[in-house]
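Worksheet: the structure to be examined is printed underneath.
Chain letters run A, B, ... following the sequence lines, proteins first and then strands; every chain starts at 1. Source: prediction; values computed, not measured. Values reported hereafter were calculated over all heavy atoms of this structure, with side chains retained and with hydrogens, waters and symmetry mates removed.
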Amino acid sequence: MNVYDVLEERGFIEQVSDGEAVQRMLSRPSTCYIGFDPTSDSFHIGSLVPIMALTHMQRHGHKVIVLIGGGTAMIGDPSGRTELRKLMTMKRIEANAEGLKRQLEHFIDFEDDMAVMLNNADWLMPLNFIEFLRDIGRHFSVNRMLAAESYRQRMESGLSFIEFNYMLLQSYDFLHLYRDKGCTLQMGGNDQWGNILAGADLIRRAEGGEAEALTFPLLITSTGTKMGKSEKGAVWLDPDRTTPYDYYQYWINTDDRDVGRFLSLFTLLPMDEVRRLSALEGAELREAKETLAYEATRLNHGGEEAEKARNAARALFSGGMGGDSSIPTMEMKRDRFRGGISAFELFADTGLAKSKGEARRLIKQGGAYLNGERVESFEDLVTLEHMDEKGTILLRAGKKKYIRIIAVD
RNA sequence: GGGGAGGUUCCCGAGUGGUCAAAGGGAACAGACUGUAAAUCUGUCGGCGAAGCCUUCGGAGGUUCGAAUCCUCCCCUCCCCA
């Protein structure tokens, strides 16, 4: 089966320059690329669609290039944004690229050049302005650029000249990779459509070559929010920023309507299985969500972490104490409990409530639990008595947020 | 460079000397209902707290018994003209 069909079946394709041409191209080993911003040293879930797309490409024998936009990050892409991005230092960018690569290695194999990571700063930085204008700039029509959706939006609020040039630089990336690596397909989020097409055009004009564009749908959840945000903020792939437990929780809280879509996009389960799971209804759909959460966590954090997250979740949400250590745990001095500590202070200190006022409110509204029992008054004292033999206390805020406290000397 | 409009609590957005911790909406949080879903209803939504106190309306000063609201300077954004 051609990857193109796989991508299409699994819902990765929003737009393609020429479906038949891409299908033809992918019937033999090809090279494709996706650009990523090195604005952080970790991806978050929002980047998972392109990452999964690369995973599929590689598994079908295509060479993938991960392009780090070190050069373009120094300019800022206006696409889909309302503000100019902040500029970054080269050093910062390189450090970030390292972090991103480590995460990609869970999905993509960089051995034997089957995948490479490149930084466009390598060819953008040495560019000579006059030469660039003469060789590249001449192929671009300002009229056409202004018609692009991404620029049109920014025309309302103001568009700086450097941002305006982003399209040229990204097009030049594609041209460079075409010449240097034989790359003939660029993929990206649908907000990149204009830029990607411009690059394919440039290749045709400058080289007479054939190159294609493919974009992914920009995911919004069925509740209308942007993908990848939880109450704690963005959901990161980095376990230090988002623990495997929280990562798992994010997926299991998926809206019913998104389960099928997410299973096909974010797991590698066969489509037959995906269809079976998403056909489940009512409470049974939880099985599908559990599979989604488990598989997605396994891809990013490995089987062992996924297993732990699943066990912890099962234990906690079936009403038990969840002795497993993979639920968020926090150490506190045993001494603090000797004289007793007010419940509201404890909730504030653990971060389950952002301030003491919020902790009071939480308790007053009946949303605070200590070892599974509702806390009645915010002045209630929590003491050594509340600990189990291992010296732990389980706190819960609302329905889903748990923290386990373990006493240390 | 000239002219105009504007910067309010997470976001949008009222408020033009005291009744303002600041309307309304959204987001978010909690409760009820549920399936760790959605929808709905109720409540909460600056900090510390018993009352009450403290900090906030781009920044810095000033006027006043009293300022988000008036004055001065500065910073930033947008629009029109060049």
Side-chain angles (χ1 to χ4, degrees), chain A residues 76 78 81-86 152-160 163 220-235 243-263 277-294 296-297 306 309-322 324 326-328 342-345 347-370 372-379 394-403:
Chain A
R81 281 166 217 266
T82 47
E83 280 175 31
L84 190 65
R85 277 194 219 156
K86 57 176 185 285
R152 217 177 325 153
Q153 280 172 11
R154 290 291 270 136
M155 290 295 286
E156 309 277 317
S157 56
L159 171 67
S160 81
E163 285 181 273
I220 38 168
T221 62
S222 293
T223 38
T225 55
K226 209 188 289 177
M227 179 87 199
K229 285 271 170 23
S230 74
E231 64 276 5
K232 289 174 189 159
V235 180
T243 62
Y245 172 82
D246 285 326
Y247 192 81
Y248 182 94
Q249 285 298 313
Y250 175 81
W251 291 108
I252 208 158
N253 280 309
T254 297
D255 189 293
D256 281 11
R257 293 164 290 181
D258 293 325
V259 174
R261 203 156 50 113
F262 287 5
L263 278 167
L277 287 167
S278 34
L280 295 173
E281 283 181 14
E284 290 208 316
L285 198 55
R286 274 187 314 150
E287 183 198 333
K289 290 186 189 181
E290 199 182 64
T291 307
L292 168 65
Y294 177 80
T297 308
R310 183 166 65 185
N311 289 339
R314 278 180 180 166
L316 289 174
F317 287 93
S318 61
M321 275 282 287
D324 193 274
S326 66
I327 68 169
S342 318
F344 75 91
E345 266 182 79
F347 273 83
D349 282 358
T350 55
L352 284 172
K354 285 196 202 70
S355 63
K356 288 182 192 162
E358 198 175 293
R360 279 169 208 276
R361 227 177 284 133
L362 179 74
I363 293 168
K364 196 159 49 180
Q365 292 180 137
Y369 297 81
L370 174 68
E373 304 275 326
R374 181 173 278 180
V375 179
E376 297 299 336
S377 156
F378 54 74
E379 286 161 329
L394 185 69
L395 298 183
R396 183 179 126 207
K399 270 181 290 193
K400 304 177 195 169
K401 283 172 293 191
Y402 287 90
I403 273 198

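Residue A/R361 has no polar side-chain atom (N or O) positioned under 4.0 Å from OP1 or OP2 of B/A28. Side-chain nitrogen and oxygen atoms of A/K400 include at least one within less than 4.0 Å of the OP1 or OP2 phosphate oxygen of B/A37. The shortest distance between the side-chain N/O atoms of A/K354 and the OP1/OP2 oxygens of B/A28 is not below 4.0 Å.
Between A/D258 atom CG and B/A37 atom C1' the separation is 10 Å, expressed in whole Å. Rounded to whole Å, atom C1' of B/A50 lies 9 Å from atom CD of A/E379. Rounded to whole angstrom, the span from the CD atom of A/E345 across to the C1' atom of B/G47 amounts to 15 Å. To the nearest angstrom, P of B/A30 lies 10 Å from CG of A/L352. Spacing between atom CG of A/L285 and atom P of B/A37 amounts to 12 Å, rounded to whole angstrom units. For the pair A/L362 CG and B/G31 P, the computed distance is 7 Å after rounding to whole Å. Whole-Å rounding puts the A/I363 CD1 to B/U44 P distance at 18 Å. In this structure, A/R257 atom CZ and B/A37 atom P are separated by 13 Å, rounded to whole Å.
Only the P atoms considered, B/A22 is 15 Å distant from B/U9, to the nearest whole Å. When the P atom is compared between B/A14 and B/U63, the two are found 32 Å apart, to the nearest whole Å. Taking atom P on both B/G61 and B/C45, the two are 32 Å apart, rounded to the nearest angstrom. B/C78 and B/G25 are spaced 31 Å apart, taking the P atom of each and rounding to whole Å. Nucleotides B/U56 and B/G3 place their P atoms 34 Å apart, quoted to the nearest Å. Distance noted for atom P between B/A50 and B/U69: 33 Å (whole Å). Going from the P atom of B/C70 to that of B/G18 covers 11 Å, rounded to whole Å. Between B/C11 and B/U44, the two P atoms lie 23 Å apart (nearest whole Å).
Counting any heavy atom pair closer than 4.0 Å across all strands shown, A/Y369 reaches sugar-phosphate atoms only and no base atom. A/I252 comes within contact range of at least one nucleobase, with a heavy-atom separation under 4.0 Å. The residue A/A313 sits close to a base: some heavy atom pair falls under 4.0 Å. Here A/K364 lies out of heavy-atom contact (under 4.0 Å) with every strand. Base engagement by A/Q249 is indicated by at least one non-hydrogen atom pair under 4.0 Å involving a base atom. Using a 4.0 Å heavy-atom distance criterion, A/K356 is classed as a sugar-phosphate-only contact. Within the nucleic acid shown, A/R374 comes within 4.0 Å of sugar-phosphate atoms alone, with no base atom in reach, counting heavy atoms only.
B/G24 and B/C12 make up a base pair, with Watson-Crick or G-U wobble contacts both under 3.5 Å. Both distances falling under 3.5 Å, in either a Watson-Crick or a G-U wobble arrangement, place B/G1 opposite B/C81. Across all strands shown, B/A68 remains unpaired; no Watson-Crick or G-U wobble contact has both distances below 3.5 Å. Applying the Watson-Crick and G-U wobble criteria (two distances, each under 3.5 Å), B/U36 pairs with nothing in any strand. As the counterpart of B/G17, no nucleotide is assigned, since no Watson-Crick or G-U wobble pattern has both distances under 3.5 Å. Pair assignment for B/A30: B/U42, on the basis of Watson-Crick or G-U wobble contacts that are both within less than 3.5 Å.
Among B/G35, B/A37, B/G47, the nucleotide with an atom closest to any side-chain atom of A/S355 is B/G47. Of the candidates B/G43, B/A37, B/U36, B/U36 carries the atom nearest the A/R286 side chain, counting heavy atoms from C-beta on. Taking the side chain of A/N253 as heavy atoms from C-beta on, and the options B/U36, B/U44, B/A37, the nearest nucleotide is B/U36. The side chain of A/R360 sits closest to B/A50 out of B/A50, B/U36, B/G35.
Ring to ring, A/F317 and A/Y402 are close: their centroids are under 6.0 angstrom apart.
Toward the 5′ end of RNA chain B lies the nearest nucleotide of A/E281, the other residue of the pair A/G357 and A/E281 mapping further downstream. Along RNA chain B, the nucleotide nearest to A/E358 and the one nearest to A/D256 differ in position, and the one closer to the 5' end is contacted by A/D256.
Side-chain contact between A/V235 and A/D246 is absent, with no heavy atoms from C-beta onward closer than 4.5 Å. Taking the side chain as every heavy atom from C-beta outward, A/L277 and A/V259 never approach each other to under 4.5 Å. The closest side-chain heavy-atom distance from A/E290 to A/R310 is below 4.5 Å. Between A/R361 and A/E358 there is a side-chain heavy-atom pair separated by less than 4.5 Å. You'll find the side chain of A/Y245 reaches within 4.5 Å of the side chain of A/P328, heavy atoms only.
Looking at A/Q365, its side chain comes within 3.5 Å of the base of B/G43 through a donor and an acceptor atom.
In summary, the side chains of A/Y369 and A/R374 do present a donor paired with an acceptor at a separation below 3.5 Å, with no hydrogens or angles considered. For the residue pair A/K289/A/N253, the side-chain donor-acceptor check at 3.5 Å is not satisfied.
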